[in-house]
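One-based numbering, in listed order, for ligands and for the atoms of each. What's counted below: heavy atoms across the whole structure, side chains too, no hydrogens, waters or symmetry copies.
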Amino acid sequence: MAVNPKKHEMPAQKAEVRAHNFEEVALGYSPEIALEEAARCLNCKNSPCVEGCPVNIRIPDFIARMKEGDWEGAYQIISRSSSLPAVCGRVCPQETQCESHCTLLTRAKMDPVGIGRLERFAADWHNDHAEGSAVKPEPNGHRVAVVGAGPSGLTCAGDLAKKGYKVTVYEALHTAGGVLVYGIPEFRLPKRIVAREVDTLKELGVDVETNVIIGKTLTIDELFEAGFEAVFIGTGAGLPNFMNIPGEALKGVYSANEFLTRSNLMKAYREDPVTPIMKGGYVAVVGGGNVAMDAARTALRLGAEKVYIIYRRSMEELPARREEVEHAEEEGIEFHLLCNPTEILGFENPENPRDPRNGFVTGIRCVRMELGEPDASGRRRPVVIPGSEFELHVDTVVMAIGTSPNPLIKNTTEGLEVNRRGGIIVTEEGLTSRANVYAGGDAVTGAATVISAMGAGKVAAKAIDEQLRRQS
Ligand code: FAD
Ligand code: SF4
């Protein structure tokens, strides 16, 4: 039977409707579409797609189950390798991971199988039909503390809990989920999906203590004094970077983290929010990653009249997921590519220092760039075009140019070594320079991906288990 060369489209809310609401954009496959998409898989013997998956999900095996309509069987295969499949099916950059290795693409130059979309379908089906199915394992008597309830911490906690460890997760914020709840917006990843995954962990016996900042409320050393035998640090990279250009202290300049946290976690998008946030006007978002796309599309939904993405390279180098870029363009976000800000402009009335408009953003000055020779990252280096300055009128600027690990735990944990970017130094097993202290995810690598953070949580859970078995 001939294979359909095209991947089945993901049903989605119409651009003109979704640009004004926070509901999920991508609606998910129907069972009929899932069956047809699964039928495109060739079940290749060498499974190249598996190599492209950072946690090596047995992709052909789960798709084979889907071909038979065995959705729960497919989910069970996926969940052996991934503890957050409903999340990964939605946010993984599949086009650069599993799908980029798919034989349909590499050999036949067709669309790859929609692996992520099928994963999402199986996970959603399970979540809708298999309420409370987690089986609490026999306790093994050992206690482990996990710091941070993002994907790395939750994965580490889940894997250890399944082996019988008593795990307590300490989270600084009032909700578990890390970037999945405070960063990635509802229209891309509904919070109920993350809450469901956290509930599954609780069913396994994991305790989640929110509003506890390790390094302030308690230190890593105090966790050991309290009887924990190992600690996993999965504190992410939540410290925003700025460009250090004039005007970044003006009113109306946000880091993307602050902007998204205000909207996502503090519900600033509601009619009567306790947390203030800009609503309306012209907005410039600086950066080209997923964070920039999320901030731009959030600004639009909050009521901005115009939203610009300002990115210093070209569309080809834009690091955000393709689907998010396409969705942003469809929604009317304007891309200023090969541009870089040099100054944020503000209002100043020299005659009246009490003028309420003083200190507020009025615009952004940029220069145009062209691409030169490749730099250390292999991407062509953007070079300023002299005399190309221009200004855009904006009321708000959101900086989405990357984040770094927060130094709090390093500063309060003697002997914990970090690299020059603030990432915790670990061995291949995730062991830090301190005995029985492990780390993984963005806290180690700097800002990366959900699946790589989960992979690191898995590796560390295995190493902690082996270490504590050796010790007992
Ligand atoms: P985090 O998710 O950052 O979680 C760390 C947790 O630790 C947080 O909850 C934090 O509050 C807590 N914490 C920090 N310090 C302490 C402390 N001292 N004590 C207690 N708790 C503490 N990746 C993708 O793969 N696809 C995407 O589409 C995507 N989109 C993104 C969009 C945005 C807006 C952002 C910001 C990131 C995005 N990413 C995406 C990246 C991805 O979300 C991260 O790589 C991933 O969440 C890292 O997981 P983590 O567990 O290491 O850290
Ligand atoms: Fe199926 Fe593509 Fe994986 Fe082959 S490479 S098994 S066609 S998903």
Problem - Sub-4.0 Å heavy-atom contact, Ile213 with ligand 1 - result: yes

Exercise for the section: Measure Val291 to ligand 1 on non-hydrogen atoms and call it side chain, backbone, both or neither using the 4.0 Å cut-off. Expected result: both

Problem - Taking atom 37 (C) of ligand 1 as the reference point, the nearest protein heavy atom with its distance - result: Val179 CG1, 3.3 Å

Practice task
Provide, to 0.1 Å, the distance between atom 31 (C) of ligand 1 and the closest protein heavy atom, together with that atom's residue and name.
Solution key: Ile184 CG1, 3.6 Å

Exercise for the section: Could you tell me whether Lys216 approaches ligand 1 through its side chain, its backbone, both or neither, with non-hydrogen atoms closer than 4.0 Å? Expected result: neither

Practice task
Answer yes or no for Gly234: is there a heavy-atom contact with ligand 1 below 4.0 Å?
Solution key: yes

Handout entry: Gly215 heavy atom under 4.0 Å from ligand 1
Key = no

Practice task
Answer yes or no: does an N/O atom from Leu173 fall short of 3.5 Å to an N/O atom of ligand 1?
Solution key: no

Exercise for the section: Specify the protein heavy atom at minimum distance from atom 11 (O) of ligand 1: its residue, its atom name, and the distance to 0.1 Å. Expected result: Glu171 OE2, 2.6 Å

Practice task
May I ask you to check if ligand 1 and Asn257 share an N or O to N or O distance below 3.5 Å?
Solution key: no

Problem - Metal site atom 2 (Fe) of ligand 2: N/O/S of Cys41 inside 2.8 Å - result: no

Exercise for the section: Examine the proximity of ligand 2 to Val50 and report which part, side chain or backbone, both or neither, has a heavy atom under 4.0 Å away. Expected result: neither

Handout entry: Polar proximity ligand 1 side, Arg188 side, N/O cut 3.5 Å exclusive
Key = yes

Completion exercise
Note: Thr403, heavy atoms under 4.0 Å from ligand 1, region reported as neither

Practice task
For ligand 1, indicate whether the residue Ala453 contacts it via side chain, backbone, both or neither (heavy-atom separation under 4.0 Å).
Solution key: side chain

Handout entry: Protein heavy-atom partner closest to atom 53 (O) of ligand 1 - residue, atom, separation in Å
Key = Gly236 CA, 3.3 Å

Practice task
Could you say whether the N/O atoms of Asp442 and ligand 1 ever approach to under 3.5 Å?
Solution key: yes

Practice task
Please report which non-hydrogen protein atom sits nearest to atom 4 (Fe) of ligand 2, along with the residue it belongs to and the distance in Å to one decimal place.
Solution key: Cys44 SG, 2.3 Å

Handout entry: Protein contact to atom 7 (S) of ligand 2 [nearest heavy atom, distance to 0.1 Å]
Key = Leu42 N, 3.3 Å

Completion exercise
So for Leu260 against ligand 1, with non-hydrogen atoms under 4.0 Å, the contacting part is side chain

Handout entry: Any N or O of Val91 closer than 3.5 Å to N or O of ligand 1
Key = yes

Practice task
Measure the distance from atom 21 (N) of ligand 1 to every protein heavy atom, then report the residue, atom name and distance (to 0.1 Å) of the closest one.
Solution key: Ala172 N, 3.1 Å

Problem - Electrostatic pair Asp221:Arg434 at N-O distance under 4.0 angstrom - result: yes

